[in-house]
There are 2 protein chains.
Amino acid sequence: MAEVEDRRSQILDAAFEEFAAKGFKGATIKSIASEAGVNSPALIYHYFPDKEALFNAVLETHAPIRSAIENPASFMDRPPEEVLPEIARAYFATVANPTSRRMMKLMLGEAMRRPQLAEMIGRATAVRVLGFLKGYLSRQVELGRLRPHDVRSSARAFVGMLIPQAAGKILFTALREDGLEDEEHIETAVNIFLEGLKPK
Amino acid sequence: MAEVEDRRSQILDAAFEEFAAKGFKGATIKSIASEAGVNSPALIYHYFPDKEALFNAVLETHAPIRSAIENPASFMDRPPEEVLPEIARAYFATVANPTSRRMMKLMLGEAMRRPQLAEMIGRATAVRVLGFLKGYLSRQVELGRLRPHDVRSSARAFVGMLIPQAAGKILFTALREDGLEDEEHIETAVNIFLEGLKPK
DNA sequence: TACTCTCGATTGAACGTTCTGTCAAATAAG
DNA sequence: CTTATTTGACAGAACGTTCAATCGAGAGTA
């Protein structure tokens, strides 16, 4: 029974599934144990001090939502007609990944009732993404590719434009009924954005 | 003890607070009872068959997010430079209202784990708002005030542009750190949107 | 090889607590 | 007196967590 993946990881995976599906309160130590294929809930306490610690360990395991945003240098000078669709595609690809999707649901769902977690997500993800975009858009204004404007606002506007389409995939399936495809949305949205900000 | 507000309403109010703060699983019948000033949890079962029914009753009580969108006729022919900022302001006003804010947190938080609830919210709110916008934007294209384009996409884009700013008020307080005010954001975002869609 | 010792991994059972939901009795209202 | 409201007490189940006992692989010894 020499598993390549050790028990700790099995438990973490099972806990992730359970927390994502039922939330922190809804998932039980027993259900996590049985999902992990261990016969006794007690084993979980051999690896983690308590349920809260297991939850935090799950968050840490899946936390590094690494994105191309990590090294901004390569993007900075490339034109927005190229870069913005790439960002949008990367975003939709993340949303299309089932694991990422579960993670988003888990974090967002719990964040509603855990201000501390919300603060962490806001700082680790939201602020960082917007920060990158603000930098990039400022640079494009400098380069004369976009007209001068408030990049705090345009950064929000750009990521925001993608959100309803993403929400249609994650949560509100009814939004898919009008059949708008990701690529169509990217094209139109980026077009509106760039036309709206092109130099006079 | 002849309260103006009857017991049922007291219980509903208390349940709303508790569910919003702790979620369905986190809120207990006892905590709801004591928040409602009721001395026995048993009384709750006199008015509601079980916890689930109480939860549904809470949702129904606060459900009618009535918005100006209900009678679209009056908006349809007015120009987007007027109408879009009004919609944006109405949206931010809703978000600024503490009760609405709690309701959003409650519904979104539970929707992550209740596909059926997510479906309902999607249909009752998201699809309806987008539907109204699609209709309005189509009309503006007809009137020659906007260039022809895919309104499924532009409707998503417009509501989406507002979401990060709203999220900064509801959830991710760190987003407020760059100090962007609602009115500033509305002005820039609407400007991008209209410039991006103005007839050639 | 055979035997024992050790120690972490794993288990079933159980503890105390808390939860939802029930009930018969007490109280208030008409 | 009759009916509706409100109560405390509690049953039954599920929860997180603890614990002593068992298992199994490896080290040491003969």
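Only heavy atoms go into these numbers, but all of them, side chains included; no hydrogens, no water, no symmetry mates. Proteins come first, then strands; the chains are lettered A, B, ... in the order of their sequence lines, and each starts at number 1.
One can place OH of A:Tyr45 at 18 Å from P of C:dA9, the figure rounded to the nearest angstrom. When rounded to the nearest whole Å, the span between CZ of A:Phe55 and P of D:dT17 equals 14 Å.
Contacts of A:Thr99 classified as side chain to side chain donor-acceptor pair (under 3.5 Å), with partners at least two apart in sequence or in another chain: none. Here B:Arg176 pairs with nothing under the side chain to side chain donor-acceptor pair (under 3.5 Å) rule; sequence neighbours left out. Applying the side chain to side chain donor-acceptor pair (under 3.5 Å) criterion to A:Arg78, with sequence neighbours excluded, gives A:Glu82, A:Glu86. The side chain to side chain donor-acceptor pair (under 3.5 Å) check on B:Asp178 picks up A:Lys134, A:Arg156, with sequence neighbours excluded.
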Below 3.5 Å between N/O atoms, which protein atoms pair up with nucleotides 13-15 of chain D? Just atom names and distances, please.
none

Name the pairs: protein N/O against N/O of nucleotides 3-8 of chain D, kept only if under 3.5 Å.
{"unit_1": "D:dT5", "atom_1": "OP2", "unit_2": "B:His46", "atom_2": "NE2", "d": "3.3"}
{"unit_1": "D:dT6", "atom_1": "OP1", "unit_2": "B:Arg7", "atom_2": "NH1", "d": "3.4"}
{"unit_1": "D:dT6", "atom_1": "OP2", "unit_2": "B:Tyr47", "atom_2": "OH", "d": "2.7"}
{"unit_1": "D:dT7", "atom_1": "OP1", "unit_2": "B:Asn39", "atom_2": "ND2", "d": "2.7"}
{"unit_1": "D:dT7", "atom_1": "OP2", "unit_2": "B:Asn39", "atom_2": "N", "d": "3.3"}
{"unit_1": "D:dG8", "atom_1": "OP2", "unit_2": "B:Asn39", "atom_2": "O", "d": "3.0"}
{"unit_1": "D:dG8", "atom_1": "N7", "unit_2": "B:Ser40", "atom_2": "OG", "d": "3.0"}

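Sorted by first and then second residue, the pairs that involve residues 22-32 of chain A and meet salt bridge (Lys or Arg N to Asp or Glu O under 4.0 Å), not counting sequence neighbours, are A:Glu18-A:Lys22. Within the structure, the salt bridge (Lys or Arg N to Asp or Glu O under 4.0 Å) test picks out the following pairs touching residues 35-56 of chain B (sequence neighbours left out): B:Glu52-B:Arg114. Contacts classified as salt bridge (Lys or Arg N to Asp or Glu O under 4.0 Å) and involving residues 91-105 of chain B (residues at least two apart or in different chains) are given here: B:Glu17-B:Arg102.
Taking CD1 of A:Ile186 as the reference point, atom CG of A:Asn191 lies at 13.0 Å (rounded to 0.5 Å).
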